[in-house]
Number of protein chains: 2
Amino acid sequence: MPRPTKQEPERGDARTRLLEAARDVIRSKGFTATTVSDLCEAAGVTSGAFFHNFKSKEAMGVAAAEYWAETTSEFFRAAPYHAHKDPLDRVLGYIDFRGAIIDGELAEFTCLVGTMAQEVYSTHPDIRDACAASILGHAVTLESDIAAAVASRGIRADWTPASLARHTQAVLQGAFILAKATGDREVARESVDHLRRYVELLFQTAPSKRKAGR
Amino acid sequence: MPRPTKQEPERGDARTRLLEAARDVIRSKGFTATTVSDLCEAAGVTSGAFFHNFKSKEAMGVAAAEYWAETTSEFFRAAPYHAHKDPLDRVLGYIDFRGAIIDGELAEFTCLVGTMAQEVYSTHPDIRDACAASILGHAVTLESDIAAAVASRGIRADWTPASLARHTQAVLQGAFILAKATGDREVARESVDHLRRYVELLFQTAPSKRKAGR
DNA sequence: TCGAACATACCAAGTGCTCGGTATGTTCGT
DNA sequence: ACGAACATACCGAGCACTTGGTATGTTCGA
């Protein structure tokens, strides 16, 4: 459904340029403060092109969340941490990877769908649902590695792999908020470090093997 | 609900009513989507009263963040978890308390300053700074109990009490985002449970030994 | 004690401008 | 020649904010 047009036409497609502009501008200014002409200007198109591709600003927000879900899932699928043999190493590798990509400007590493969901959860239910699908869909991709780690370590957990997967997303979203409030990336990295330590402690059955991270 | 703080005889009632309206409406619609007339209607005053008390909508946002910082700090100071003798029990009691007040409507338990900071961090630096002061000021109140718990348990931590205090706030902010995205309070409580387990694990490490590498 | 002068707190009715959205024109591949 | 993909021009609603006014103190000299 997010591919109304046939194959992949020429690049520089107005719709794609608008979605990329939305990804960048909304992460900086938020959805409501971002005007349609902001996006048209950033994409180099006119408002005619905008309303030709999206029936409303709200519909564009839904499409932007879906575009975000597609591009980020591809991004994480190609990430190197999947190569680890040990499932726990893959989980920790994911967390390390999330910490490593906290770099550059705030609007470059923060999460579009987390930002939008927070802002429009009560005013634009369609956008909220698309954001929830993106966040939870990403969390689900972590569950199998977590479950495999539980099995391989033989630990008895009073938590579910799904809830830990969602918790990782909560920590990241919260870390982004603190980074935005303070203007400091380091506080976000600190929280990711605490998250890594939490996962280490969860899977540390006997105090025997100690792994030096990062 | 938080106490209305002290009485300021010189200040009119309209200002406080507007700040309380801001607290409620902005947590639901966000700062940008909240119009001045939204707030005037909710407070039962006219726009003349609004701009008599605040020189601009942005200035009202700063005042709302400061009002939030005042009322919540009073709210938490009066909370029961401070009664515990053991500092670790106070820390865990704080986390349990945060989990317990996740109840009712989303806009009733989520954080005003976290919402605003996320939305306006780049467009309204004054609001962002007021939000950061509120969040970090609250985090600081946890540091002494955390530090006392580290001392009383005699653990050797490779993290600072300040960073753990900030991490608790990150987890809460992230939990609120997931709750807003999914419309389900339970996912927020799950993350608070994970946070509690993390703190438990941090302080239940083996009595002595455990020489930290690195 | 009184009242003129001033200050505060709020109201009601705008003002100019920006916003999301529309109506219509133009290009172009097929 | 016909529709898809845009561009151009424009609109009405709603926005933050202003203006002018009123009611209620408060001050202070005579």
Side-chain angles (χ1 to χ4, degrees), chain A residues 1-22 25-26 28-65 67 116 119-120 122-127, chain B residues 4 6-22 25-26 28-65 67 116 119-120 122-127:
Chain A
M1 87 185 71
R3 272 273 110 86
T5 50
K6 38 194 163 187
Q7 290 266 47
E8 189 134 18
E10 70 277 0
R11 267 209 80 71
D13 181 81
R15 180 187 154 95
T16 302
R17 303 238 304 280
L18 282 165
L19 290 175
E20 289 169 352
V25 178
I26 294 176
S28 173
K29 303 177 61 173
F31 177 80
T32 310
T34 296
T35 69
V36 172
S37 46
D38 280 343
L39 298 178
C40 293
E41 192 175 352
V45 302
T46 63
S47 73
F50 183 96
F51 288 100
H52 173 74
N53 286 282
F54 311 103
K55 78 172 196 298
S56 67
K57 186 191 175 187
E58 179 172 25
M60 184 280 305
V62 174
Y67 182 73
M116 283 202 298
E119 189 182 349
V120 305
S122 75
T123 50
H124 298 283
D126 291 349
I127 298 178
Chain B
K6 65 201 169 186
Q7 312 268 38
E8 297 216 351
E10 299 309 314
R11 286 240 153 101
D13 197 41
R15 181 187 155 96
T16 302
R17 304 243 303 281
L18 282 166
L19 290 175
E20 288 169 352
V25 178
I26 293 176
S28 173
K29 304 177 60 173
F31 176 80
T32 309
T34 297
T35 69
V36 171
S37 47
D38 281 342
L39 298 179
C40 294
E41 191 175 350
V45 301
T46 63
S47 71
F50 183 96
F51 287 99
H52 172 74
N53 286 283
F54 310 104
K55 77 171 195 299
S56 68
K57 185 189 175 188
E58 178 172 25
M60 184 279 306
V62 174
Y67 182 73
M116 283 203 296
E119 189 182 349
V120 305
S122 75
T123 49
H124 298 283
D126 291 348
I127 298 179

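In what follows, chains are A, B, ... by sequence order, proteins preceding strands, each numbered from 1.
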Open item on the list: Could you check whether any side-chain heavy atom of L18(A) comes within less than 4.5 Å of a side-chain heavy atom of F54(A), counting everything from C-beta outward?
Closed with: yes
Open item on the list: Can you measure F54(B) atom CZ to dA16(D) atom P for me and round it to whole angstrom units?
Closed with: 14 Å
Task: Candidate nucleotides dG20(C), dC6(D), dC11(C), ranked by approach to the side chain of A49(A) - the nearest - done: dC6(D)
Task: OP1 or OP2 of dC10(C) under 4.0 Å from side-chain N/O of N53(B) - done: yes
Open item on the list: When you measure only distances, ignoring hydrogens and angles, does the side chain of T46(B) come within 3.5 Å of the base of dA9(C) through a donor and an acceptor?
Closed with: no
Open item on the list: As a test of reading the structure: which of dA13(C), dT8(D), dG20(C) is closest to the side chain of F51(A), going by heavy atoms?
Closed with: dG20(C)
- [ ] Whole angstrom is fine here: how far is it from CG in D13(A) over to P in dC6(D)?
- [x] 6 Å
Task: N/O (side chain, H52(A)) to phosphate O (OP1/OP2, dC6(D)) under 4.0 Å - done: no
Open item on the list: Among T34(A), T32(A), D38(A), which residue satisfies the side chain to side chain contact (heavy atoms under 4.5 Å, CB included) criterion with I26(A)?
Closed with: T34(A)
Open item on the list: Please pick, from dT8(D), dC17(D), dC11(C), the nucleotide with the shortest atom-to-atom distance to any side-chain atom of S56(B).
Closed with: dC17(D)
Task: Contact list for residues 48-59 of chain A, test side-chain hydrogen bond (donor to acceptor under 3.5 Å, both in side chains), sequence neighbours left out - done: E58(A)-H124(A)
Task: Side chain of T35(A) (C-beta onward), nearest among dG20(C), dC17(D), dC11(C) - done: dG20(C)
